[in-house]
Amino acid sequence: MRPARATIDLDALRHNHRHARALGGGRALAVVKADAYGHGAVACARALEPEVDGFGVACIEEALELREAGIRAPVLLLEGVFDADELALVERHDLWTVVASPWQVDLLERHRAARPWTVWLKLDSGMHRLGLSPDEYLLAWRRLQALPWIDRLVAMTHFSRADELSHASTRDQIAVFDAALSQLPADTPASLSNSAGLMAWPTARRDWVRPGLMLYGSHMLDAPRAEADTLRAVMTLESKVIAVRELAAGEPIGYAGTFTTTRPTRVGVVAAGYADGYPQYATSGTPVIIDGRAGELIGRVSMDMLTVDLTDHPQAGLGSAVELWGPRLPVAEVAARSGNSPYRLLTGLKRVPRRYVGA
Ligand SMILES: *Cc1c(COP(=O)(O)O)cnc(C)c1O
């Protein structure tokens, strides 16, 4: 059997979730969109359900996957519905939905619900992607509040740069949000923070936080924060050395000859490549862990294989374990070596079997 695999540590997931929830101080919506950032939405949701306040997903298909697996906790559609037909599914499967555009307000006004709904109304506080502008927000709020079947309205917004700790934009977004919130009933629940907002911007914690990336043990904060230090990596991507060769100095390795040996070099071929989700353009020198010790990628990553330098790892050879990211090697660090993000690498996991531990 091909040795490439991803091990998902559900204890680490629960640990990170408890940390996020404690830090937020209120309720936490565990974001499990995009198949729980590549970790498996159903397995992760089952592991978290006993202690979760709710789950966040991108679309109805992802919500239905959770419901069909028997998940009963609240599930919020973070982008709302895409058309009127989806309203019946929201109703039938008892989902929560975001309203982020005026056309979605129109849609709800034409709907007649048979049960009480929870709706999160999204303000565009400066990211300028989804959300109602500050001018539109209060009117949209009143229109939704006038619908008798809307039982609970949550005010929300989303940050564009919360991982940049010294950038003013998050502070500005919080101020824009608070100005809108001050026009709403005093007991209105508020939600601003994704993982970075939650860890780095204490004034943005409020009633609900929406941690995603941090649940999986990663972050992109651009300066050290104690809040990120206790996170534990949930996924370990690893494989094994399946061939070894000795090369003289001056020999190219792999496609396009992007790396040429500068000394007699022992090369290990590892069974993992970009078709598994490892970044194709990770540069030579990208860290790997070979039998528990720090090592380096050399040469271009292929579809099914990559090559590592074993010269300084005399004990390593055929069958040696190679960790490509995980507890000993942050996925964010690997991502940075190819101009990628941990979001991209984790959600890009493909082909490798996932094995769950700590269930
Ligand atoms: C994806 C998403 C999150 C989670 O973001 P992270 O940066 O992964 O913590 C939170 N809120 C919304 C609206 C999202 O779309």
Side-chain angles (χ1 to χ4, degrees), residues 1-9 12 38-39 216-218 231-342 344-346 348-357:
M1 193 177 141
R2 188 168 182 259
R5 67 176 180 204
T7 304
I8 310 295
D9 181 350
H39 295 67
Y216 310 102
S218 186
L231 295 175
R232 286 168 54 189
V234 174
M235 183 191 296
T236 306
L237 177 63
E238 61 196 331
S239 190
K240 288 188 171 158
V241 173
I242 58 165
V244 178
R245 73 179 350 94
E246 311 268 354
L247 293 177
E251 295 293 331
I253 298 174
Y255 286 119
T258 60
F259 181 86
T260 302
T261 55
T262 56
R263 58 174 180 170
T265 301
R266 220 167 135 246
V267 180
V269 180
V270 180
Y274 63 80
D276 303 301
Y278 193 85
Q280 183 178 14
Y281 297 112
T283 50
S284 290
T286 298
V288 297
I289 306 281
I290 303 166
D291 279 340
R293 287 184 50 222
E296 290 185 357
L297 175 83
I298 46 175
R300 172 75 51 85
V301 174
S302 319
M303 188 182 289
D304 313 315
M305 285 169 273
L306 55 81
T307 38
V308 298
D309 191 344
L310 295 180
T311 317
D312 300 328
H313 297 260
Q315 316 307 325
L318 274 182
S320 283
V322 179
E323 178 178 321
L324 300 170
W325 61 68
R328 288 173 291 196
L329 177 53
V331 61
E333 201 177 312
V334 177
R337 299 299 294 246
S338 56
N340 270 299
S341 71
R344 179 81 183 80
L345 265 51
L346 294 172
L349 187 79
K350 293 193 298 284
R351 187 168 66 182
V352 296
R354 282 184 301 225
R355 190 174 62 105
Y356 291 90
V357 297

Closest non-hydrogen atom pair between Ser218 and Leu231, with its separation: O-CD1, 3.9 Å
Residues two or more places apart in sequence or in another chain: which of them pass ring-ring contact (aromatic ring centres under 6.0 Å, His included) with Tyr216? Tyr37, His39
What pairs with Ala243 under side-chain contact (heavy atoms from CB on, under 4.5 Å), at least two apart in sequence or on another chain? Val269
Contact check, side chains of Thr236 and Asp9, non-hydrogen atoms, under 4.5 Å: no
Suppose we screen for side-chain hydrogen bond (donor to acceptor under 3.5 Å, both in side chains). Which residues come up paired with Tyr356, at least two apart in sequence or across chains? Arg354
For Arg245, the salt bridge (charged side-chain N to carboxylate O under 4.0 Å, His left out) test, sequence neighbours excluded, returns none
Applying side-chain contact (heavy atoms from CB on, under 4.5 Å), can you list everything that pairs with Glu296, at least two apart in sequence or on another chain? none
Note, Leu346 side chain near Trp325 side chain (heavy atom, < 4.5 Å): yes
To the nearest 0.5 angstrom, please state how far the CE atom of Met305 sits from the OG1 atom of Thr307. 9.5 Å
Nearest heavy-atom approach of Pro342 to Ala335 is N-CB, 3.7 Å
Answer yes or no: is there a side-chain heavy-atom contact under 4.5 Å between Leu306 and Leu324? yes
Kindly write out the residues that satisfy side-chain hydrogen bond (donor to acceptor under 3.5 Å, both in side chains) with Thr260, not counting sequence neighbours, or none if the list is empty. none
Residues which pass salt bridge (charged side-chain N to carboxylate O under 4.0 Å, His left out) with Arg344, listed by chain and number, not counting sequence neighbours: none
Under 3.5 Å donor-acceptor pairs involving side-chain atoms of residues 282-292, not counting sequence neighbours:
| from | atom 1 | to | atom 2 | distance (Å) |
| --- | --- | --- | --- | --- |
| Thr283 | OG1 | Arg337 | O | 3.3 |
| Ser284 | OG | Gly299 | N | 2.9 |
| Thr286 | OG1 | Thr283 | N | 3.3 |
| Thr286 | OG1 | Thr283 | O | 2.6 |
| Asp291 | OD1 | Ala321 | N | 3.0 |
| Asp291 | OD2 | Ser320 | OG | 2.7 |

Between OH on residue Tyr274 and CG on residue Asp304, distance to nearest 0.5 Å: 8.0 Å
Heavy-atom closest pair, residues Arg351 and Met303: NH2-O, 3.5 Å
Taking only residues two or more places apart in sequence or in another chain, which ones pass salt bridge (charged side-chain N to carboxylate O under 4.0 Å, His left out) with Arg2? Asp276
Could you tell me which residues satisfy side-chain contact (heavy atoms from CB on, under 4.5 Å) with Arg263, sequence neighbours excluded, listed by chain and number? Thr265, Asp309, Thr311, Asp312
Of all residues at least two apart in sequence or in a different chain, which pass the side-chain contact (heavy atoms from CB on, under 4.5 Å) check with Pro3? Ser239, Lys240, Ile242, Ala271
If every non-hydrogen atom of Ala248 is compared with every non-hydrogen atom of Thr261, which pair is closest and at what distance? O-OG1, 2.7 Å
Would you name the heavy atoms of Ala275 and Lys350 that are closest together and state the gap between them? O-CB, 3.4 Å
Give the table of side-chain donor-acceptor pairs shorter than 3.5 Å for residues 251-258, with sequence neighbours excluded, one pair per line with atom names and distance.
| from | atom 1 | to | atom 2 | distance (Å) |
| --- | --- | --- | --- | --- |
| Thr258 | OG1 | Arg300 | N | 3.3 |

Can you give me the closest heavy-atom contact between Val301 and Gln280, atom names plus distance? CB-O, 3.6 Å
